[in-house]
There are 4 protein chains.
Amino acid sequence: MARTIGSHGPKTMEAIRKAGLKLIYEHGFEAMSLRQLASEVGIQVGSLYNHITTKEDLLYDLIKAHMDDLFAQFDEVRAEGRDKGPVERMRDFIAFHVTYHILRKREVFIGYSELRSLEPNHYEEIVALRRQYERHLIDILRQGEALDLFRCGDASVAAYGILSMLTGVCTWFRPHGRLSKEQVISTYSDLVLNGLMPPSR
Amino acid sequence: MARTIGSHGPKTMEAIRKAGLKLIYEHGFEAMSLRQLASEVGIQVGSLYNHITTKEDLLYDLIKAHMDDLFAQFDEVRAEGRDKGPVERMRDFIAFHVTYHILRKREVFIGYSELRSLEPNHYEEIVALRRQYERHLIDILRQGEALDLFRCGDASVAAYGILSMLTGVCTWFRPHGRLSKEQVISTYSDLVLNGLMPPSR
Amino acid sequence: MARTIGSHGPKTMEAIRKAGLKLIYEHGFEAMSLRQLASEVGIQVGSLYNHITTKEDLLYDLIKAHMDDLFAQFDEVRAEGRDKGPVERMRDFIAFHVTYHILRKREVFIGYSELRSLEPNHYEEIVALRRQYERHLIDILRQGEALDLFRCGDASVAAYGILSMLTGVCTWFRPHGRLSKEQVISTYSDLVLNGLMPPSR
Amino acid sequence: MARTIGSHGPKTMEAIRKAGLKLIYEHGFEAMSLRQLASEVGIQVGSLYNHITTKEDLLYDLIKAHMDDLFAQFDEVRAEGRDKGPVERMRDFIAFHVTYHILRKREVFIGYSELRSLEPNHYEEIVALRRQYERHLIDILRQGEALDLFRCGDASVAAYGILSMLTGVCTWFRPHGRLSKEQVISTYSDLVLNGLMPPSR
DNA sequence: CATGAATGAGGCTTCATTCAT
DNA sequence: CATGAATGAAGCCTCATTCAT
C-alpha cells in the first residue's frame, strides 16, 4: 500500500480506508466499485490512485491492518496470562475475542469473507496469520487437557468450534441491543468452560 | 425461475444449476460471470436465458432449493423427536445439522455468504426461513431450561453460538481428512451438552 | 436492444478490419482508440469484442494477413522465375515489390511501423516472415555475383539498401500524381541494375 | 520549449531530453507516458512541467534540435563542396548522410516516425526543413545530369530512392556488428554512382 | 524547483441482457 | 432451444496536465 507522505495526503488515505471498510462491509469487495468508493470519499476515481496501487491492494491493506491490530492487542492478553492456568486463560481469550469482534465487526467480517479476493501471496500471508492466532487457542486447550482440567474430543475440532461460536457474534450482535457485551461474554464463557470441563468429578 | 419443460431442456437446466453452484462457491456470486457459467455448461451465454430469467434469479433458485431441502430433511428429524426429551432432541439436531452441512457445504456456504446479492423480496424470504430454522434450536433450549436440564444464560445467544459452531464445520471439514463425521458430531455433542448442563453438584 | 443499421457477422468483421487499417495508418496503432474504431464501423465499443479478442490481436491479424498476401503473390513471381537469370529475376522482383507496395501502401506501412506494438510471439513470427522475404532478394544478388553479372560489396547490405529504396515508394507515391507506377519501376530498375552491374570493361 | 535558466535546471532539462529520446525511440511517442519519463529522469511527474510545457512540445524540441544539427553539420559539407563536381559531391553526401544516420539513429528514427504526433504548425515546419534537405540531393542529381555524368529517369524519384536506401541504414546497422561504417558507405557509394552513371561510354 | 495530490477525460475490456435467425 | 451479434453501462486503471505547498 502506497502511503504517500504529504500535507493533506494522509487525511485522504484515511478517508479512503474508512470508506473502503464501510463499502466492502456493506456490499462486498467485488460488488464495491471504485466509483462508489471515490464518491464516498469525495474525490475523482483517478485520484484514488494517488493513494492506492490497486483495488486488491486496498483490501489487503485493510485486512492486514486488522490482523496486525488483532495481534497487537492479543499480545497484551497473552503477556498477562503467562502465569495463569488454562481456565483463566480461556476466560481471558473469550473476553478478548468477543470484545474485539464486537468492536471491529466490519474488519473481522471482511477478514473472513473477502479472503478469496486476495492475490495468492497476500492470501497465504493472511491465512498464515490466522492459523497462528488459532494455535493460541489450541495451546490453551492442550494445556487444559494436560492438567486434566479440560476434556475435549479433539483439540483442533474444539478450537474451530469455539472460534466459530465466538466469531459468530459479529453477525448478530447489535451495540445497543437487548444484550450487553458482558452478558454475551458471560454466557459464552460458561457454555465453553462447562463444555470443556469433565462433567463428573 | 423459468423451468422450461422440453426434450433436453431439464438436463441443461440441471447442468446450469450444478455449474452455478460450483462457480458461485469458488468465486462468489459477484465474481462469477455468466460467460464463465455458460462456458462451464458448454453453451453460449445467450442460451442461458432460455433457462434462467436473471443472474440473481439463479442465485435465488439455488438458495431457495437448498432451504427447501434443509427443511424437508429436518422435518423428518422433528417428526421422530416429537416424544423425546431436550437432550436427545439436541443430540439429533447436532447430528442432523453437522451432517447436512458437511454434505451440502457449497449450498450452505452460498446460503450464508451471498444473501446480500439477493433482491429485497428474495432476501426477506430466505432470512425468514433461516429464522424459522433457528427457532427450532431455541425451542429445544427453552424446553431444556423449563425441565431444568439446560442452563444457558440467554437462549438466543446460546442458540446463535451453537449454530455458529456447528455451521463452521463446512469451512474446515475435509471429507477424507483426519476426522470422521462421527467424531466431529461426538465432539460437538459433548461440548454443547456439557456446556448446557449445569455442572454436577 | 434492437440492432441498428448494420451488418452481420463476417460483414462486421470485414468492416472492422477495413476501418482498423485506415485508422492505424492515419493515426498509428497506439493513437487509435477503440472508440474511434467502433464509431467508424458504426457499432458500440463493446461490440467490437464479438469479433476481436484484443486490440493487439487486430493489429496482428492485419499484419499477418498482409504478410500472407505478400507471400501468396510473390510465390507466383518466384514460380515464373525458376529458369530465369538474375537480371530478369531482379527486374521481376522490383516490379512486383513496387507494385505491391503501391497498391497496399497502408498495410505495408503498418507492417513496418507498428511491429513494436505486437506481443513478443507475434513480433517474432512477423519478423521471421520478413527475413524470409528478404532472403529471396539476397539469393538473387548471390546468384548474380556467382555468375559475375552483379558486383555488390556485401549482399545483405545491398539487399537492405535496395529494399529500403523500393519500400520507400509507399511514403511518397501518389496514385494519380505526376509519375506512373511504370515510370517508377523503370527508374528504379535502371538505378539498381546499373548499380549492381560492374562498370563497363 | 521553456528552457528555464537556473542552478541545476539545465542539467535536469538535459536529462529529460536524453530520457525522452531513449523512451520515444524504444516505445514510440504515444506509448511513452510522462510517468515513465519522470521515473527515468528520477523526478516526479509534476516536476517535468518546470521544464517542458507539453508532451508534444518535448517531441518537437527533440526533432527540431535534430534537424538543426543535421543542417549545421551538413552546411560544412556543402561549404567544402562548392567547387567540386557532382560525383564527388554525391560521394560526400552519401558519406555524410550515412555517418549522421548511424551516429544519431534514434533522433533520425523519431524524426521520421513520430512526425504525425506533432501539432500542425510544428509538423509543417519540420516537413519544410526535410524538403529543403532533400532538395540538396536533387540539386546534385540535376547538376550531374546537366553535365551528362548522371542519367536518372526522374531526379526526384531517384532522390527519394537514394534517400530511402541511405536512411534505411539506421534500422539495421549495429555499431559493432559485422560491417564497419566505411564498408557500408563504400558499398552504397558504388551502388548509387554506378546506378547513376550511364553504363555505356 | 520539486513535490504530492487533484482533476477529468479517456484507455481497453467485461458485464448482464436482448433478440433475430 | 441454441446461436452469435448487438447494446449500453460499467469495470479498473492510466493519462496529461495543474497547482498549492
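Quick note on labels: first sequence line is chain A, next is B, and so on, each numbered from 1.
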Could you list, one pair per line, each protein nitrogen or oxygen that sits under 3.5 Å from a nitrogen or oxygen of nucleotides 15-19 of chain F, together with the distance?
unit_1 : atom_1 : unit_2 : atom_2 : d
F:dA16 : OP1    : D:M32  : O      : 3.3
F:dA16 : OP1    : D:K55  : NZ     : 3.1
F:dA16 : OP2    : D:L34  : N      : 2.9
F:dT17 : OP2    : D:Y49  : OH     : 2.6
F:dT17 : OP2    : D:K55  : N      : 2.9
F:dT17 : O5'    : D:Y49  : OH     : 3.0

Under a 4.0 Å N-O cut-off, is there an ion pair linking A:R17 with A:E14? yes
Within this structure, what is the CG-to-P distance between D:N50 and E:dG4, rounded to whole angstrom? 13 Å
To the nearest Å, give me how far apart CG (D:L37) and P (F:dT14) are. 18 Å
Whether C:Q44 contacts F:dA6 is assessed here as follows: a side-chain N or O lying under 4.0 Å from the phosphate OP1 or OP2. Is that the case? no
Look at the side-chain N and O atoms of D:T12 and state whether any lies under 4.0 Å from the OP1 or OP2 oxygen of E:dA2. yes
side-chain hydrogen bond (donor to acceptor under 3.5 Å, both in side chains) filter on D:E26, not counting sequence neighbours, yields none
Quick check: closest heavy atoms across C:H27 and C:A31, and the distance to 0.1 Å? O-CB, 3.0 Å
Secondary-structure stems for DNA chain E, with pairs counted as Watson-Crick or G-U when both distances are under 3.5 Å and runs at least 3 long: E:2-21 with F:2-21
Output the rounded distance in Å from CD1 (B:I43) to P (F:dA5). 17 Å
Could you give the CG-to-P distance, from B:L48 to E:dC15, as a whole number of Å? 13 Å
Measure the shortest side-chain to side-chain distance between B:I24 and B:L37 over non-hydrogen atoms and say whether it is less than 4.5 angstrom. no
Under 3.5 Å, side-chain donor or acceptor atoms of residues 113-120 of chain C against the rest of the protein: list the pairs with distances, not counting sequence neighbours.
unit_1 : atom_1 : unit_2 : atom_2 : d
C:S113 : OG     : C:F109 : O      : 2.9
C:E114 : OE2    : C:F29  : N      : 3.1
C:E114 : OE2    : D:R116 : NH2    : 3.1
C:R116 : NH2    : D:E114 : OE2    : 3.1

Checking C:T171 now: which residues fulfil side-chain contact (heavy atoms from CB on, under 4.5 Å) with it, not counting sequence neighbours? none
Checking C:E124 now: which residues fulfil side-chain hydrogen bond (donor to acceptor under 3.5 Å, both in side chains) with it, not counting sequence neighbours? none
Any A:H51 side-chain N or O less than 4.0 Å from OP1/OP2 of E:dG4: no
If you compare all heavy atoms of A:A19 against all heavy atoms of A:E40, which two are closest, and at what distance to 0.1 Å? CB-CG, 3.5 Å
